[in-house]
Amino acid sequence: MAAPSGNFRLGPDAGRVVIKTTRAGLAARAGHDLTIEVTRWSAQVQVPAEDDGGPAAATVSADLDLASLEVREGTGGALPLTDRDRREIKKQMGQILGSATATFASTRVVPAGAGGGGGGGGGAVEGTVTLNGKSQPARLQVTAPGDGQYRGSATLTQTGFGIKPYSGFFGTLKLKDEVTLEFQLTLPSS
């Protein structure tokens, strides 16, 4: 990843973190696929100079305040997502997650072309996500669409954190266990 070297502290002013859910079950057509934004988060990215290992020796950590989740979009469904639906979804998320914080700590950065990264800049950041006292490995696939700009995504399972995926209408409408975490950010100029 052609990142500038330095120590970067990031938050919502530097980008966006969203969680995407998809629906399943017999009544899936009635529900919505959701885009949920994490409005309070912080991250630290440390990229050593080339002489000290450069991007391959980088470290990434992040804290996501799950009490700050906001439903931004709902696609599909028999009817459009309403403000009332958004409030009800937020209430359900609050009951499930409370004031939890999810954390990410990198264990390895794989620059593009170094065994497993994508082309055109980017690569992957491997690490561990922890929530509710449970951890699971995560691999953020990262692209670098512009100078200092990064986008990435990882797929996680709710049950891996002890969360039972939402189910309604007597189990005929449910969320898939897998959710996708996506981010886009811009590192500040050094």
Side-chain angles (χ1 to χ4, degrees), residues 1-21 35-70 72 93-94 96-118 121-163 177-190:
M1 294 179 210
S5 62
N7 184 8
F8 305 95
R9 291 187 182 277
L10 307 169
D13 58 333
R16 189 169 187 227
V17 177
V18 298
I19 300 166
K20 294 193 172 184
T21 67
T35 299
I36 303 165
E37 185 170 5
V38 182
T39 62
R40 289 188 305 268
W41 60 272
S42 63
Q44 185 164 343
V45 179
Q46 295 177 326
V47 184
E50 284 298 325
D51 294 347
D52 295 323
T59 60
V60 179
S61 62
D63 294 315
L64 308 176
D65 179 353
L66 300 183
S68 76
L69 297 178
E70 293 292 338
R72 297 298 188 207
M93 290 186 302
I96 294 168
L97 299 170
S99 60
T101 297
T103 61
F104 173 78
S106 66
T107 54
R108 183 171 94 136
V109 173
V110 183
V125 179
E126 296 174 350
T128 303
V129 175
T130 303
L131 172 63
N132 290 336
K134 298 181 188 290
S135 298
Q136 64 179 286
R139 181 180 174 98
L140 299 168
Q141 290 300 135
V142 181
T143 61
D147 193 29
Q149 298 176 355
Y150 297 89
R151 290 184 179 164
S153 66
T155 300
L156 301 167
T157 60
Q158 297 177 72
T159 53
F161 299 114
I163 298 170
D177 189 19
E178 297 82 16
V179 297
T180 302
L181 176 94
E182 296 180 355
F183 70 89
Q184 57 186 42
L185 59 87
T186 301
L187 293 181
S189 302
S190 305

Atom of Leu140, atom of Ala154 and distance for their closest heavy-atom approach: CD2-CB, 3.4 Å
Partners meeting side-chain hydrogen bond (donor to acceptor under 3.5 Å, both in side chains) with Asp63 (sequence neighbours left out): none
Nearest-0.5 Å distance, CG of residue Asp177 to CD of residue Gln158: 6.0 Å
Separation between CZ of Phe183 and CZ of Arg16, rounded to the nearest 0.5 Å: 14.0 Å
Heavy-atom neighbours of Arg9 CZ exceed 12 at 6.0 Å: no
Pairwise side-chain contact, Leu187 with Leu185, heavy-atom cut-off 4.5 Å (strictly under): yes
Close side-chain approach of Leu66 and Leu131, heavy atoms under 4.5 Å: yes
Minimum heavy-atom distance between Trp41 and Pro12, given as atom pair plus value: O-CD, 3.3 Å
Atom pair CD (Gln44) and CZ (Phe8), whose distance is rounded to the nearest 0.5 Å: 11.0 Å
Main-chain N/O of Ser68 paired to Thr39 side chain as donor or acceptor, under 3.5 Å: yes
With sequence neighbours excluded, residues passing side-chain hydrogen bond (donor to acceptor under 3.5 Å, both in side chains) with Glu126: Arg108, Arg139
Spacing of Arg72 atom CZ and Ile19 atom CD1 [to the nearest 0.5 Å]: 12.5 Å
Approximate separation, where rounding is to 0.5 Å, of Thr128 OG1 and Lys134 NZ: 15.5 Å
Nearest-0.5 Å distance that lies between atom CZ in Phe161 and atom CG in Leu97: 11.0 Å
Heavy-atom side-chain proximity of Pro188 to Leu10 below 4.5 angstrom: yes
Qualifying residues under side-chain contact (heavy atoms from CB on, under 4.5 Å), relative to Glu178, sequence neighbours excluded: Thr155, Thr157, Lys176
Ala67 versus Ser99, closest heavy-atom pair with distance: CB-CA, 4.1 Å
Distance-minimising heavy-atom pair for Ser153 and Thr180: CB-CG2, 4.2 Å
Side chain proximity check, Phe104 to Leu64, heavy atoms < 4.5 angstrom: no
Where Asn132 and Ala100 come nearest, the two heavy atoms and their spacing: OD1-CB, 4.3 Å
Heavy-atom check, side chain of Ser5 versus side chain of Gln46, under 4.5 Å: no
By salt bridge (Lys or Arg N to Asp or Glu O under 4.0 Å) - contacts of Arg40 (at least two apart): Asp65
Pairwise side-chain contact, Ile36 with Met93, heavy-atom cut-off 4.5 Å (strictly under): yes
Results of side-chain hydrogen bond (donor to acceptor under 3.5 Å, both in side chains) for Glu70 - residues two or more places apart only: Lys90
For Glu182, salt bridge (Lys or Arg N to Asp or Glu O under 4.0 Å) partners two or more places apart: Lys20
Shortest non-hydrogen separation from Pro137 to Leu156 and the atoms involved: O-CD2, 4.2 Å
